[in-house]
Number of protein chains: 2
Amino acid sequence: MASLGDLERAVMDLLWAGQEAATANTLRDLLAKSTRAEGGSAGHEGKDLAVTTVLTVLSRLERKGLVERERGTRPHRYQSVSSREEHTAELMHEVLGSAPDREAVLARFIGSVTDTEAETLRKLLGRN
Amino acid sequence: MASLGDLERAVMDLLWAGQEAATANTLRDLLAKSTRAEGGSAGHEGKDLAVTTVLTVLSRLERKGLVERERGTRPHRYQSVSSREEHTAELMHEVLGSAPDREAVLARFIGSVTDTEAETLRKLLGRN
DNA sequence: GGGAGACTTCTACATGACGTAGAAATGATT
DNA sequence: AATCATTTCTACGTCATGTAGAAGTCTCCC
């Protein structure tokens, strides 16, 4: 239900980054960040997009329920509905639920988790 | 990298089912199963597809690395590269890896897992 | 109040994935 | 060799996505 294209993904990343940084997250902010992140690692690199392009994507993300926009303020404020972590965790659940035998999947999943992660999990599941 | 369409998904399900049942998993087998599963629960229901349609999908799945086919035997034998559980677990890892802070994601993930699943996880992670 | 510029909405097009399948090629069977 | 099964090629419609121009709407300043 929620697969994102490269640009959509990139925009979500911008939003998430802005969330953490408690930015206004107005269209202009996003564009600024996007161009500034030019030299970044992976992702949707360079060639600054047209304003409308980003707007279109934001609208689509809104339709998909991933983004919410405040229409009250004039330059609308955009923000992701859930944090990157929540979103990702949800996706994981979605995937997990796509198989009939969830327990079996979990077994495989745990099997290839890093040691650190395993440790984290133990803590999280801590006896109770 | 690996999102499947409805039909592709349905075909994978057939393959997986065949795997468990240790069927020959030849095109004919798949078609048979598919029509028989007509009344099934969800998925790609009814209206038996053209033989070529399924073949096309199988080829695409092969290209995607999800299906392997034995070209030696005459009616080719098709089989999934990994079990449904492995495949699903891999997907989960893929998703998990898509976020920078994996630990945080795991935290959220664990937070919304059923009790039974949590129990399973504890067992799987049991002191080593 | 009216104009300029910022911001948003509409509309549109290209590309690629996927569902769907006919036509043609290839292999098996008698 | 003729026939039938199986596979490969080719093709088309639809939908998601990247991309953006044109036009409409708001704000702000003079």
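Please read these numbers as outputs of a predicted model, since none were measured by experiment. Protein chains get the first letters and strands the later ones, always in sequence-line order, with residue 1 at the start of each.
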Please list, chain by chain and in numerical order, all residues satisfying side chain to side chain contact (heavy atoms under 4.5 Å, CB included) with [X], sequence neighbours excluded.
X         : value
Ala118(A) : Val113(A), Arg122(A), Leu125(B)
Ala107(B) : Leu124(A)
Thr52(B)  : Ala50(B)

All salt bridge (Lys or Arg N to Asp or Glu O under 4.0 Å) counterparts of Arg69(A), not counting sequence neighbours: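 Expected list: Glu62(A).
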
Residues in salt bridge (Lys or Arg N to Asp or Glu O under 4.0 Å) with Arg84(A), at least two apart?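 For Arg84(A), the residues satisfying salt bridge (Lys or Arg N to Asp or Glu O under 4.0 Å) (neighbours in sequence not counted) are Asp13(A).
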
For Gln19(B), side chain to side chain donor-acceptor pair (under 3.5 Å) partners two or more places apart: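 Ser80(B).
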
Just grab all the side-chain hydrogen bond (donor to acceptor under 3.5 Å, both in side chains) pairs involving residues 100-111 of chain A, residues at least two apart or on different chains.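 Found Arg102(A)-Glu117(B), Glu103(A)-Thr120(B).
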
Output a table of nitrogen or oxygen pairs between the protein and nucleotides 15-17 of chain D separated by less than 3.5 Å.
unit_1: dT17(D); atom_1: OP1; unit_2: Ser3(A); atom_2: O; d: 3.0
unit_1: dT17(D); atom_1: OP1; unit_2: Lys64(A); atom_2: NZ; d: 3.1
unit_1: dT17(D); atom_1: OP2; unit_2: Lys64(A); atom_2: NZ; d: 2.9

What protein N or O atoms touch nucleotides 4-9 of chain D N or O atoms at under 3.5 angstrom, if any, and at what distances?
unit_1: dT6(D); atom_1: OP2; unit_2: Arg28(B); atom_2: NE; d: 2.6
unit_1: dT6(D); atom_1: OP2; unit_2: Arg28(B); atom_2: NH2; d: 3.3
unit_1: dT7(D); atom_1: OP1; unit_2: Arg74(B); atom_2: O; d: 3.4
unit_1: dT7(D); atom_1: OP1; unit_2: His76(B); atom_2: N; d: 2.4
unit_1: dT8(D); atom_1: OP1; unit_2: Arg71(B); atom_2: NH2; d: 3.1
unit_1: dT8(D); atom_1: OP2; unit_2: Arg69(B); atom_2: NH1; d: 2.8

Given axes from five pairs at either end, by how many degrees does the helix from dG1(C)-dC30(D) to dT30(C)-dA1(D) bend, rounded to 10°?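 If I round to tens, the end axes sit 0° apart.
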
Which ring-ring contact (aromatic ring centres under 6.0 Å, His included) pairs, counting each pair once, include a residue from residues 90-123 of chain B, with sequence neighbours left out?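 Listed once each, the pairs are His93(A)-Phe109(B), Phe109(A)-His93(B).
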
According to the ring-ring contact (aromatic ring centres under 6.0 Å, His included) rule, which pairs have a member within residues 65-91 of chain B, sequence neighbours left out?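 Output for this query lists Trp16(B)-His87(B).
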
Just wondering, do Leu96(B) and Met92(A) contact through their side chains at under 4.5 Å, heavy atoms?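 In contact.
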
Between dC18(C) atom C1' and Leu49(B) atom CG, what is the distance in whole Å?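 Those two atoms, CG and C1', are 13 Å apart.
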
In whole angstrom, give the distance that lies between atom CG of Leu61(A) and atom C1' of dG18(D).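 From Leu61(A) CG to dG18(D) C1': 12 Å.
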
